[in-house]
J.: 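Once you've had a glance at the structure underneath, I'll fire off some questions.
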Amino acid sequence: MVETAENNNTTTVAIVGAGVAGLTLGNFLLRSGIDCIVVEKHSRAYVEKRQRAGTVDSRGVRLFREWGLEDVVKDGSSPREITGGTWMDGVMYPLGFEDVDTDAVFCPQQVLVRNLTDAFLEAGGDLRFEALDVSLEDIDSEGPTMRYRNPDGTTTTVTCDFIAGCDGFHGVSRASVPAGQLACHSHEYKYSWLSIMAEVPTESFGMAIHDRGLAARFPRGADASRLYLQCPPGDTPEQWPDERIWGELGARFGADVPTGRIVDKRIVPLRSVVFSPMSHGRLHLLGDAAHIVPPR
C-alpha cells in the first residue's frame, strides 16, 4: 500500500474557483485583513484565456474603485471610441450615453481575471492553480475542510472557518450541499443563442430586433467581437456555416457588418436558474454557482 503525502493548512476563508467572483472576493478579503486561500482546478494560462462576458457595469466599476482596485477594469486593448444602440429595421437608435451618468466599461473577462490575479498576488494573496479533485467536507461544522490533489500526487487539506463556492454552475461547491437543502427556481426559454467569437473589431455595439430573430455584437478587445444570433433550441453549430452567420447578422442589423475569421461558435441554450438559499452551513455560493441569469 502506497501512502500519499498530505499537507495541512489553515485559513479563514477557502475560496473555490479563480474566476471573477472568486478573485474579487479574495481581493476584498485581503484588503479587509482576512486570510484566504483561492484554489483553481485549471492552469493560470487556461483561466486567463477563457472568454466570457466583456462589460463591467457602473455599480461594479464603482465597487472596485471604492476598494482601491480601479486598475483591474482598465483594458488597453479595448477601442477608445465606440457607439452603441438598438437596431430596428436597419435604423440605429443610440443609447445616449452622453446623457447618462455611467461608469460602465468594456473589459473582456479574461483581461479582468488577469488584472484581478495580478492584484491578488501583488497584495500577497495565496492562489493555487491546478488544484485537482477538490472536495468539501464538514460544511455544517465550525471547522469545514477543503481537500484537493496536487499535480505531483500529494494531497492538501485546508481547514477554515468558511468556504466560498465560486466554481460555477457545474462546480463541486453546490454539489456538496446535501440533497433537498436548496430550492432551484428555473425558467427554460424557447430559443437559444448562437454565440460566435470572431477576429473583427467592433466599432458599434448593441442589439438588433428583427422578425427573423434577435442579434447582438459586443467588443472583446481591439480586434475581437462576440456576436450572437437567436436560433431555435434544436439547432447545431454545423447548421450555421460562416457564410450563413455573416448573412444573417447583416439581415438582422439591416446594415453591413464587418466580417473576419470566426474562431469559435457554439449553441447556448438559455435558462434562468436561481438557488435558494445561497448558503448551507459554512458554505456560501457566489456567482454562477448560485444563479445564472442570461441575456434575453
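Basis for what follows: all heavy atoms, side chains included, without hydrogens, waters or symmetry-related copies.
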J.: Taking the side chain as every heavy atom from C-beta outward, state whether Lys265 and Asp242 have any atom pair closer than 4.5 Å.
T.: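 When only atoms from C-beta onward are counted, Asp242 and Lys265 do touch, with a gap below 4.5 Å.
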J.: Below 30° counts as parallel, above 60° as perpendicular, anything between as tilted: where do the rings of Tyr228 and Phe218 land?
T.: perpendicular
J.: Under 4.5 Å between any side-chain heavy atoms of Asp35 and Val13, yes or no?
T.: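 No, every pair of side-chain atoms sits at 4.5 Å or beyond.
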J.: Is the closest side-chain donor-acceptor distance between Thr156 and Asn150 under 3.5 Å?
T.: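 Yes, side-chain donor-acceptor contact under 3.5 Å.
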J.: Side chains of Asp140 and His280: do they bring a donor and an acceptor to under 3.5 Å?
T.: yes
J.: Evaluate Val158 against Thr11 for side-chain contact (heavy atoms from CB on, under 4.5 Å), listing each step before the verdict.
T.: CA-CA 7 Å; Val158 179; Thr11 191; 3.7 Å; yes
J.: Taking atom types as modelled, find out whether Ser186 and Arg271 have a side-chain donor-acceptor pair closer than 3.5 angstrom.
T.: no
J.: May I ask you to check whether Ser272 and Tyr189 show a side-chain donor-acceptor distance below 3.5 Å?
T.: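 Checked: Ser272/Tyr189 side chains pair up, N/O donor to acceptor below 3.5 Å.
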J.: Apply side-chain contact (heavy atoms from CB on, under 4.5 Å) to residues Leu270 and Trp193 and explain how you reach the verdict.
T.: CA-CA 7 Å; Leu270 290 189; Trp193 279 122; 3.1 Å; yes
J.: Can you label the angle between the Phe253 ring and the Trp87 ring as parallel, tilted or perpendicular, going by 30° and 60°?
T.: perpendicular
J.: Stepwise, does the side chain to side chain donor-acceptor pair (under 3.5 Å) test hold for Thr154 with Arg149?
T.: CA-CA 6 Å; Thr154 60; Arg149 178 172 56 85; over 6 Å; no
J.: So, Asp235 and Trp240: side-chain donor and acceptor under 3.5 Å apart, yes or no?
T.: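 Trp240 and Asp235 do have a side-chain donor-acceptor pair below 3.5 Å.
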J.: Could you verify whether a donor N or O on one side chain and an acceptor N or O on the other, from Asp167 and Ser173, lie under 3.5 Å apart?
T.: yes
J.: Any side-chain heavy atom of His42 sitting closer than 4.5 Å to one from Phe129?
T.: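 They are not in side-chain contact.
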J.: Show, in sequence, the C-alpha distance, side-chain angles and deciding distance for Arg147 and Thr157, and conclude whether the side chain to side chain donor-acceptor pair (under 3.5 Å) test is met.
T.: CA-CA 4 Å; Arg147 182 174 285 107; Thr157 298; 3.0 Å; yes
